[in-house]
A.B. asks: 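Take this structure, written in structure tokens, and hold onto it; I'll ask about it next.
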Amino acid sequence: MTEHRLIGTVAAGGLLFECESCGRRLGIERGSGELVILDHGDRAAQHRGSIGDVELTATVVQP
Ligand SMILES: [Zn+2]
């Protein structure tokens, strides 16, 4: 399986993870901690990324 790396940045509303390979973007809302899909990118790839104490692994995205 293809593995992509997510680059985490701190945004105004929470955390933003962006894939350097396919353009997938995930947001984690500050406060609620809810994960929001902003851009799906390559759905077949496995994405990993971390920022500070927060680590993302094998995120499952619903169609
Ligand atoms: Zn990707």
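Because the structure is a prediction, the values reported are computed rather than measured. Order of listing sets the numbers, starting from 1, for every ligand and every atom in it.
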A.B. asks: Just wondering, do R24 and H47 contact through their side chains at under 4.5 Å, heavy atoms?
C.D. replies: yes

A.B. asks: To check you understand the geometry: which heavy-atom pair defines the closest contact between H4 and C22, and what is its length?
C.D. replies: ND1-SG, 3.6 Å

A.B. asks: Which residues pass the salt bridge (Lys or Arg N to Asp or Glu O under 4.0 Å) test with R30, sequence neighbours left out?
C.D. replies: none

A.B. asks: With a 4.5 Å limit on heavy-atom distance, are the side chains of I28 and L26 in contact?
C.D. replies: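 I28 does not reach L26 side chain to side chain.
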
A.B. asks: Could you enumerate the protein N, O or S atoms under 2.8 Å from the Zn ion (ligand 1), written like residue then atom name?
C.D. replies: H4 ND1, C19 SG, C22 SG, H47 NE2

A.B. asks: Mind checking side chain to side chain donor-acceptor pair (under 3.5 Å) for T2 and listing every partner two or more places apart, or none if nothing turns up?
C.D. replies: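 For T2, no residue satisfies side chain to side chain donor-acceptor pair (under 3.5 Å) once neighbours in sequence are set aside.
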
A.B. asks: For residues 10-21, which side-chain N or O atoms pair as donor and acceptor with protein atoms under 3.5 Å away, sequence neighbours left out?
C.D. replies:
unit_1, atom_1, unit_2, atom_2, d
E20, OE2, R5, NE, 3.4
E20, OE2, R5, NH2, 3.4

